[in-house]
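One structure below.
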Number of protein chains: 2
Amino acid sequence: MAEKKPKDKKNYHHGSLRQGLMDEATRMIALGGAEGLSMRKLADNVGVSRTAAYHHFKDKNALLCAIAEQGFQKWQSHFALLMDEQSGDMSVWLGHFVQGYLNFSRENQEQYDLMFGRTIWKNGAPTATLKKASFSCFHNYVDLIRQWQVKGYVDSNLDCLRIAQVSWSTLHGMSRLLNDGIYLDKGAIDAMSKSAVEMILSACGTQQLKPFTAAEC
Amino acid sequence: MAEKKPKDKKNYHHGSLRQGLMDEATRMIALGGAEGLSMRKLADNVGVSRTAAYHHFKDKNALLCAIAEQGFQKWQSHFALLMDEQSGDMSVWLGHFVQGYLNFSRENQEQYDLMFGRTIWKNGAPTATLKKASFSCFHNYVDLIRQWQVKGYVDSNLDCLRIAQVSWSTLHGMSRLLNDGIYLDKGAIDAMSKSAVEMILSACGTQQLKPFTAAEC
DNA sequence: GAATAATCTTGACAGTGTCAACATACCCTA
DNA sequence: TAGGGTATGTTGACACTGTCAAGATTATTC
């Protein structure tokens, strides 16, 4: 403690502190959530002084926004992959989509919380670029449903914006209830997914698949 | 500042500090959220010393749990009122229910966040009594759907637990997206509610109402 | 090579939750 | 009624937090 690591004189300037901070912060957040992230511990882990980060991010909120933004990029590339595999059967594909969404929100719990949670959106203030990322993310989804209407998969008397909002809400709600530990039975995720898919399909006026059997009530 | 309020000797003991703390805390949380609530400011507002609260609540988390629990009681009485007005037409009633849920979550935003948010469920630890309140709240909803199946309103081949989970997720998701400021257009709430109702109805295998017209997409 | 800008460090401040030790008032029994 | 135990309230202290201001060091540019 008395002696700090020598760190050869060269790197008084770290070189890539911004990236280093983001990486370590992402790691720490994945472990202990955003509220467990302390700017001081972060700096310490990266091997830099308390306030060094403030030369790269206006404040803690700005750091969190940057990490959320990266989350949106990650999701967009997942989404793009899903879009590629779009084949004939919409209802099968929707199953993949729902599964993909829930997997993403589970595997990136804390980052997901930053992307869609109150830490940034309510308490902090979303960066302009973060806002953009989030909106384009949602609009991609609306566009998808619009396409489906054109292709005749979805009743075109329906308002695609509402369908998008409500179905997204369903996925978001499930993600939250699971991630936050209100729904605890992780074993039920598959069954819930199936129900969600059926629900969305029926709301779309799409011709129904064979209904899944479910009786234990 | 030099002189503290005299507070006639009588009330060294406050008399009803526990309730006083809860009331003021609820008020403060409604204004600035749970993360804006400081134990010290709270004590100050109630006119008591920093640590007095710790004789009534184990820690901050316990206080928050108590407030969340009160939230569940409030919701249960709303729910009971709704149940009373249950008349013949299930689809009309479901509309009232959805509206009631969204109203509750909007009018009690911060308390709702405590009831169903990560502050307690993920980060803190829910009190035993809070857990009980929350579970019985959800089970009431499951029971309702079970009743509907008996009455023939809902396809009894469906798993009522799944229906409950998914439809609740929809309502929770909408509430969160609105409360946390991700969905901003409060003017769209009614339209979203209608869509949500239609979606849940169609998922229940209930005979459809006249579909709402919605075309601006 | 000197000036300017970018980056990093130390010091400081006002907050936070909560533990330990002490003070006061109430209540119940002898 | 006296006295002791218990519930409730207070003050002091500790380790932590985010972030501002001022100074130190290196990189960049004219």
Side-chain angles (χ1 to χ4, degrees), chain A residues 1-22 24-25 28-29 31-67 114 119-120 123-125 127, chain B residues 1-22 24-25 28-29 31-67 114 119-120 123-125 127:
Chain A
M1 181 176 280
E3 199 69 17
K4 40 182 52 180
K5 60 187 74 166
K7 84 190 287 193
D8 37 329
K9 289 220 169 57
K10 270 297 171 173
N11 51 359
Y12 179 101
H13 287 92
H14 179 285
S16 55
L17 221 203
R18 197 192 142 93
Q19 193 56 47
L21 287 167
M22 293 231 3
E24 176 63 11
M28 291 174 72
I29 285 175
L31 291 179
E35 52 278 292
L37 174 74
S38 131
M39 294 299 272
R40 298 167 100 112
K41 272 186 209 137
L42 169 61
D44 219 50
N45 287 1
V46 175
V48 93
S49 82
R50 297 172 252 132
T51 59
Y54 289 84
H55 291 268
H56 299 272
F57 301 95
K58 180 176 159 289
D59 53 19
K60 189 178 182 180
N61 181 66
L63 208 199
L64 297 180
C65 284
I67 290 175
L114 281 180
T119 312
I120 289 176
N123 296 331
T127 310
Chain B
M1 181 176 283
E3 200 69 19
K4 41 183 51 182
K5 63 186 71 165
K7 80 190 293 193
D8 37 327
K9 288 223 168 56
K10 272 296 173 175
N11 52 359
Y12 178 98
H13 286 92
H14 181 284
S16 55
L17 222 203
R18 197 191 142 93
Q19 192 55 49
L21 287 166
M22 293 232 2
E24 175 64 11
M28 289 174 73
I29 285 174
L31 289 179
E35 53 278 293
L37 173 73
S38 130
M39 294 299 273
R40 298 167 101 112
K41 271 186 211 138
L42 169 60
D44 219 51
N45 286 1
V46 174
V48 93
S49 82
R50 293 172 257 133
T51 60
Y54 289 86
H55 289 271
H56 299 271
F57 301 96
K58 182 176 157 290
D59 52 19
K60 188 178 182 179
N61 181 66
L63 208 200
L64 297 181
C65 285
I67 290 174
L114 280 180
T119 311
I120 288 176
N123 298 329
T127 310

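Values reported hereafter were calculated over all heavy atoms of this structure, with side chains retained and with hydrogens, waters and symmetry mates removed. In the text below, chain A, chain B and the rest are named by the order of the sequence lines, each starting its count at 1.
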What closest approach, in Å, do [X] and [Y] show between heavy atoms, and which atom pair accounts for it?
X: B/A34; Y: B/L114; answer: CB-CD2, 3.9 Å
X: B/K60; Y: B/M39; answer: CG-SD, 3.8 Å
X: A/A62; Y: A/K58; answer: CB-N, 3.8 Å

Please give, in whole Å, the distance from [N] [atom2] to [X] [atom1]?
X: B/L17; N: C/dA25; atom1: CG; atom2: P; answer: 15 Å
X: B/L21; N: D/dT8; atom1: CG; atom2: C1'; answer: 12 Å
X: B/M28; N: C/dT16; atom1: CE; atom2: C1'; answer: 13 Å
X: B/D44; N: C/dG17; atom1: CG; atom2: P; answer: 12 Å
X: B/K60; N: D/dC16; atom1: NZ; atom2: P; answer: 18 Å
X: B/R40; N: D/dT10; atom1: CZ; atom2: P; answer: 14 Å
X: A/N61; N: D/dT17; atom1: CG; atom2: P; answer: 18 Å

Quiz item: When we call it a touch if two heavy atoms are under 4.0 Å apart, what does B/L63 touch: a base, just sugar-phosphate, or nothing?
Solution: nothing
Quiz item: With a non-hydrogen cut-off below 4.0 angstrom, is B/L42 in contact with a base, only sugar-phosphate, or nothing?
Solution: nothing
Quiz item: What's the closest nucleotide to the A/S49 side chain, out of D/dT19, C/dT18, C/dC8?
Solution: C/dC8
Self-check item: Any N/O donor-acceptor pair, A/R18 side-chain to C/dT7 base, under 3.5 Å
Solution: no
Quiz item: Taking for each residue the nucleotide of DNA chain D with the nearest heavy atom, is it A/K58 or A/S38 whose nucleotide lies nearer the 5' end?
Solution: A/S38
Exercise. Would you check if A/L63 and A/L21 make a side-chain contact, meaning some heavy-atom pair closer than 4.5 Å?
Key: no
Quiz item: Does a side-chain heavy-atom distance below 4.5 Å link A/I29 with A/I67?
Solution: yes
Practice problem: With sequence neighbours excluded, tell me which residues meet side chain to side chain contact (heavy atoms under 4.5 Å, CB included) with B/A52. | Solution: B/L17, B/V48, B/S49
Quiz item: Has A/K41 got a side-chain N or O lying under 4.0 Å from the OP1 or OP2 atom of D/dT17?
Solution: yes
Quiz prompt | Selection: residues 50-57 of chain B, any non-hydrogen atom under 4.0 Å of DNA chain D | solution = B/R50, B/T51, B/A52, B/H55, B/H56
Quiz prompt | Test log, rule side chain to side chain contact (heavy atoms under 4.5 Å, CB included), inputs B/S38 and B/L42 | solution = CA-CA 6 Å; B/S38 130; B/L42 169 60; over 6 Å; no
